[in-house]
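Numbers here simply count residues along the sequence, with the first being 1.
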Amino acid sequence: MFCVFYSRMSDAADFRFLHWGHRPLCDVAMEKYFEGYHSLQLITRGQVAVTYDEVTHHLGATCLWFHYPGPYTRLEPSENLTWDHRHIAFSGRLCESWKNSELVAQPPLSCPTEQRTEFITRFDQILIWLEQGGTSPLAKARASLELLLWEIWEIRRNPAQRHSIIDAVTQFATDHKFRVGSYEELAGSLGLSLSSLRREILKATGTPLHQFTRTLRLREARRLLRQTDKSLTEIADALGFTDPYYFNREFSRLAGIAPGAYRQSIF
């Protein structure tokens, strides 16, 4: 077990490794604003709750997440148990470039099962290079860290995941009565920023998230009109409309026919 708390420069201009470590029996809890640096965190055993401002993520093995300037961050082990913790903290102008490329300061990510062993091994290799110090090991550590960040970025945007993202949005929309404003919570649970979720939905469906949500709501409205005997007031409430009049107007605008007339045309 080791944990280092001093800084070393890599060969990259204005990039500094600040501290790093591996604590197999970590029981740390903290809450703070992070200023001036970022860190990549990895849990491989146990569970922790990470909260950015008011959004909480419950993380287990094997999850990666960031601490970064901006949100008020809280970290606490679940049920007061220890957890296996690795981290690498760094600062410098390069971090701003990484942030602009969405490599850092992103929501937590559950590592794909088939890559977990590889990611842990590579994380440990970076820690070994940092322990060694010197120009060559530090250059290897920085390059390996950047490659790891890019691979995390690729996992977040894997086209093979888009179908599951659509399924997740569809289920979430139904459960939350199609309120677009609640999608930040869903984005976090998928390991995406809200802007990334919007981008993935646009790629997968060809429509913006708000329009896709309207399509889902119209589809559900048609299903309820076809398959149930619920009143228009009950359907409006189930779909998150504030009143039946607004539901009637929106359905008519999108479907080209009033909901009552649509129901009558079926039977």
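- Using modelled atom types, one finds a donor on one side chain and an acceptor on the other under 3.5 Å when comparing D84 with T44.
- Defined by atom type and a distance below 3.5 Å, a donor-acceptor pair is missing between the side-chain atoms of Q171 and D167.
- With rounding to the nearest 0.5 angstrom, the NE2 atom of H67 is 4.5 Å from the CZ atom of F34.
- Taking the centre of each ring, F90 and F17 stay at or above the 6.0 Å mark.
- The pair E220-R223 meets the salt-bridge criterion, since a charged nitrogen lies less than 4.0 angstrom from a carboxylate oxygen.
- Of the inter-residue distances, the one linking Q115 atom CD with I152 atom CD1 reads 10.0 Å to the nearest 0.5 angstrom.
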Fill in: ring pair (Phe, Tyr, Trp, His ring centres under 6.0 Å) evaluation trace for Y52 with H57
CA-CA 8 Å; Y52 303 111; H57 306 270; 5.7 Å; yes
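- A tilted orientation is assigned to the rings of F241 and F247, their planes being inclined by 30° to 60°.
- Under the 3.5 Å distance criterion, with hydrogens and angles disregarded, a donor-acceptor pair is assigned to the side chains of W98 and E146.
- Side-chain contact annotation: R122 with S144, donor-acceptor N/O pair under 3.5 Å absent.
- F172 and F178 have their aromatic ring centers separated by at least 6.0 angstrom.
- The pair D237-K177 meets the salt-bridge criterion, since a charged nitrogen lies less than 4.0 angstrom from a carboxylate oxygen.
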